[in-house]
Protein chains: 2
Amino acid sequence: MAYTIKDVAKKAGVSIATVSRVLNNQPGFSEKTKKKVQHVIEELGYEPNAVARGLINNKTHTIGVLFPELSSMLVTDFLNGIETMAHELGSSVIVCHTEADGEKTMKYLQLLNEKRIDGIIFVSAILKEEYYNYIRKMGIPMVLLSTESYAYPVPYVKVNDQHAAYSATKYLLNKGHNKIGMISGSKDDLIAGKPRIMGFKMALKDSGIAFTEDNIIYSKGFGFQDGLDGMEKLMKQSPEISAIFAASDEIAFGALSFAYQHGIKIPDDVSIIGYDNLSIAEMAIPPLTTVGQPLIKMGKTAASMLFEMLESGNVFVENRILPHEILERETVREKR
Amino acid sequence: MAYTIKDVAKKAGVSIATVSRVLNNQPGFSEKTKKKVQHVIEELGYEPNAVARGLINNKTHTIGVLFPELSSMLVTDFLNGIETMAHELGSSVIVCHTEADGEKTMKYLQLLNEKRIDGIIFVSAILKEEYYNYIRKMGIPMVLLSTESYAYPVPYVKVNDQHAAYSATKYLLNKGHNKIGMISGSKDDLIAGKPRIMGFKMALKDSGIAFTEDNIIYSKGFGFQDGLDGMEKLMKQSPEISAIFAASDEIAFGALSFAYQHGIKIPDDVSIIGYDNLSIAEMAIPPLTTVGQPLIKMGKTAASMLFEMLESGNVFVENRILPHEILERETVREKR
DNA sequence: CTCTTTTACGTAAACGTTTACGTAGAGTGG
DNA sequence: CCACTCTACGTAAACGTTTACGTAAAAGAG
């Protein structure tokens with residue numbers, strides 16, 4: 001069994017209170033006893049028990065992160081950012097993947113509650129009433145990452161999807177394209193679906209280009225297969241378009257693949273711009289032009305916000321809208 | 001503040017011992033009091049404090065996972081498997097990314113020790129003496145994932161890299177190629193580097209093909225850039241080869257990209273087989289033929305092993321060599 | 001030199017559980 | 001109806017810390 005504070009106290013010939021004080025740098029000990037205690041600690045290799053500390057301090061220095069899925073490539077970077085910042089601030093991260101399943105999510109929340117974690121980061125999913133109420137009862141701070149809640153006052157960090165989509169579309173317009181299509185995610189998705197569609201439409205409108213429903217494909221999700229299918233439909237439905245805005249990089253990969261399989265040259269025949277800037281975007285063939293979210297930074301920011309709330313005791317903190325940027329690579333070409 | 005067992009006891013008119021007994025289904029209470037207690041629990045929404053439980057039971061139902069980096073695409077699937085199995089078995093997962101930094105790793109180990117986690121999964125990195133000794137002192141079980149230790153008796157789960165590399169090479173040979181190159185990782189990497197090189201050489205030898213050092217490029221790591229550079233060197237150095245074994249999928253992507261940029265047709269001019277079967281392998285252009293590791297399954301297996309050790313109290317458990325498989329897609333072609 | 005303040009501790013309670021032990025009452029066998 | 005065994009509890013200690021409170025000695029003020 002590992003040594004306890006008692007062992008240290010006994011060996012150093014002081015009380016456990018004194019040991020605790022030097023451990024936590026609280027006033028009330030002389031330089032001499034400090035040296036003595038530290039020496040014993042060193043000698044025994046004593047390390048304090050965070051569980052016992054957690055019990056009395058009501059603080060576990062652990063936060064929970066809920067992802068809908070661990071397979072999406074977005075989460076890697078988010079997690080990376082969160083973990084880096086959390087560790088920097090002295091906390092550990094427990095990951096949970098809910099598979100976008102309400103029941104599973106509630107089970108996880110219960111587990112996290114029992115573990116008495118300090119805070120929650122909720123990623124890329126809709127914050128249902130049930131979740132919100134439960135977390136509220138837990139009485140710990142929460143921040144949303146890459147999602148937001150219209151119903152509840154929960155701070156979030158995101159990019160402005162509508163602006164970003166607007167930028168992407170505008171970028172294509174500026175390259176001389178005027179027949180532009182979009183492969184969007186679900187139009188019922190209020191977080192990642194609708195705003196991007198809105199941004200797309202708005203950019204067209206602002207450029208005086210008529211929008212027709214034929215130019216947009218609504219897929220179910222934001223995955224590779226959706227891109228593959230979406231591209232097929234779009235090409236059939238609107239063969240005249242010369243550029244496409246894909247609502248995610250994975251969709252763009254699907255579109256790229258379909259194009260490759262059917263002899264459509266990218267960007268010669270049609271230009272494609274993606275959304276996300278996943279690490280593999282630059283590995284694509286050809287390297288994918290995309291509007292990038294600062295994924296790692298977003299993760300870091302979410303973690304910082306959480307710790308800010310933790311320290312200040314505030315239940316709310318300012319939302320953060322991080323800037324997107326367009327990464328010009330090789331899937332978009334000026335229209336001749 | 002959340003309710004405690006005392007609140008439940010008082011409200012139910014029993015002692016805390018009784019509440020604890022019904023919570024843990026230990027004998028010593030009547031059906032009637034059980035109902036009564038459960039009713040109060042329901043009513044208050046009481047949930048036990050896992051921290052207090054951890055303190056007295058010396059078990060936190062939490063395991064730690066150490067990754068060298070969270071950005072590699074392998075970890076997503078590993079983590080997915082680990083988290084799924086751990087959760088199934090009632091434990092949470094704390095992720096740590098050590099950035100392959102010894103000092104950082106030790107810091108993490110110390111943190112995990114203080115948190116009194118139940119076990120450790122150590123992924124894709126060399127188990128240094130320092131780490132091993134420390135974990136040993138912690139007195140908790142550990143399993144290695146996608147790595148192994150020659151120096152210490154630690155159970156691991158892996159695929160047989162040498163066999164897998166042999167299979168990959170053999171696959172190319174069977175397609176009629178006899179000038180085969182390899183872009184390997186570091187030859188000093190005893191886990192992922194050397195065995196794959198050995199398998200490659202052995203397959204050539206068994207087919208009676210002379211091996212020349214010109215046909216192999218030793219890169220530093222297993223990333224995209226390594227593939228890009230490696231392909232360039234290889235093409236310059238040995239233009240006669242018709243097929244390439246890439247020691248990782250990311251390397252293969254790099255090679256694919258270089259080929260694309262320089263008008264080398266894959267698989268018409270040269271065939272490529274990768275290693276890993278990352279989820280993006282099938283999104284490549286063209287879809288990447290590769291020898292696949294069952295990544296998620298490996299993660300699950302590692303977690304199962306850890307829990308087996310935890311339950312049985314054994315310090316050791318059988319190693320698991322999981323089968324690899326060749327995924328035939330479109331980057332390898334029969335040689336005319 | 002005396003009185004007060006400060007310093008440097010020690011003692012013990014508290015955090016929320018589990019569990020060994022004790023005990024009163026019910027049930028059982030003869 | 002007695003002796004015994006169960007059953008169904010309650011009491012209190014323990015897990016490893018932190019911290020409020022008490023106190024003796026040292027330091028400082030006059």
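Per chain, numbering begins at 1; letters A, B, ... match sequence-line order.
When side chains are defined from C-beta on, Thr60(A) does not count as touching Lys115(A), because their heavy atoms never get closer than 4.5 Å.
Here Pro48(A) lies in heavy-atom contact (under 4.0 Å) with sugar-phosphate atoms only. Residue-level contact check: Val14(B) touches the backbone only, with heavy atoms under 4.0 Å from sugar-phosphate atoms and none from bases.
Here the C1' atom of nucleotide dT17(D) and the CG atom of Asp7(A) are 13 Å apart, to the nearest Å. For the pair Glu47(B) CD and dT17(C) P, the interatomic distance rounds to 11 Å; values are reported in whole Å. Atom pair Arg53(B):CZ and dC15(C):P shows a separation of 18 Å (rounding to whole Å applied). Atom pair Phe29(B):CZ and dT18(C):C1' shows a separation of 15 Å (rounding to whole Å applied). Per the geometry, CG belonging to Asn58(A) stands 14 Å off C1' belonging to dT17(C), to the nearest Å. In this structure, the OH atom of Tyr3(B) is 16 Å from the P atom of dC15(C), given to the nearest Å. Atom CG of Asn49(A) is separated from atom P of dC15(C) by 18 Å (rounded to the nearest Å). Distance, Lys59(B) NZ to dA14(D) C1': 20 Å, rounded to whole Å.
In this structure, Val19(B) and Ala9(B) approach most closely via the heavy-atom pair CG2-CA, 3.7 Å. Across all non-hydrogen atoms, the minimal contact from Asn319(A) to Met305(A) is CA-CE, 4.4 Å. Nearest heavy atoms, Val317(B) versus Glu308(B): CG2-OE2, 3.3 Å. Minimum interatomic distance between Leu306(A) and Gly119(A) (heavy atoms only, all atoms of both residues): CD2-C, 3.9 Å. Nearest heavy-atom pair across Gly28(A) and Arg21(A) is O-NE, 3.9 Å. When all heavy atoms of Ala303(A) and Ile82(A) are compared, the pair lying nearest together is CB-O, 4.0 Å.
For the salt bridge (charged side-chain N to carboxylate O under 4.0 Å, His left out) test, residues two or more places apart in sequence or in another chain that qualify with Lys158(A) are Asp161(A). Judged as a ring-ring contact (aromatic ring centres under 6.0 Å, His included), and not counting sequence neighbours, Tyr156(A) has no contacts.
At a non-hydrogen distance threshold of 4.0 Å, nothing from residues 34-45 of chain B comes into contact with DNA chain D. Contacts between residues 106-116 of chain A and DNA chain D, counted as heavy-atom distances below 4.0 Å, involve no residue at all.
Within the structure, the ring pair (Phe, Tyr, Trp, His ring centres under 6.0 Å) test picks out the following pairs touching residues 59-87 of chain B (sequence neighbours left out): Tyr108(A)-His87(B).
A sub-4.0 Å separation between OP1 or OP2 of dT17(D) and a side-chain N or O of Tyr46(A) is present. For dG16(D), neither phosphate oxygen OP1 nor OP2 lies less than 4.0 angstrom from any side-chain nitrogen or oxygen of Thr4(A).
Mapping Leu55(B) and Glu31(B) onto DNA chain D by nearest heavy atom places Glu31(B) at the nucleotide closer to the 5' end.
Ring pair Tyr152(B)/Tyr132(B) is parallel by interplanar angle, where below 30° counts as parallel and above 60° as perpendicular.
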> What is the per-nucleotide protein-contact pattern of nucleotides 19-27 of chain C, from the 5' end, where B denotes a base atom under 4.0 Å from a protein heavy atom, S denotes such proximity for sugar-phosphate atoms only, and - denotes neither?
Replying inline: B--------

> Going through the distances and angles, do Lys107(A) and Glu103(A) end up as a salt bridge (charged side-chain N to carboxylate O under 4.0 Å, His left out)?
Replying inline: CA-CA 6 Å; Lys107(A) 277 256 185 283; Glu103(A) 212 169 315; over 6 Å; no

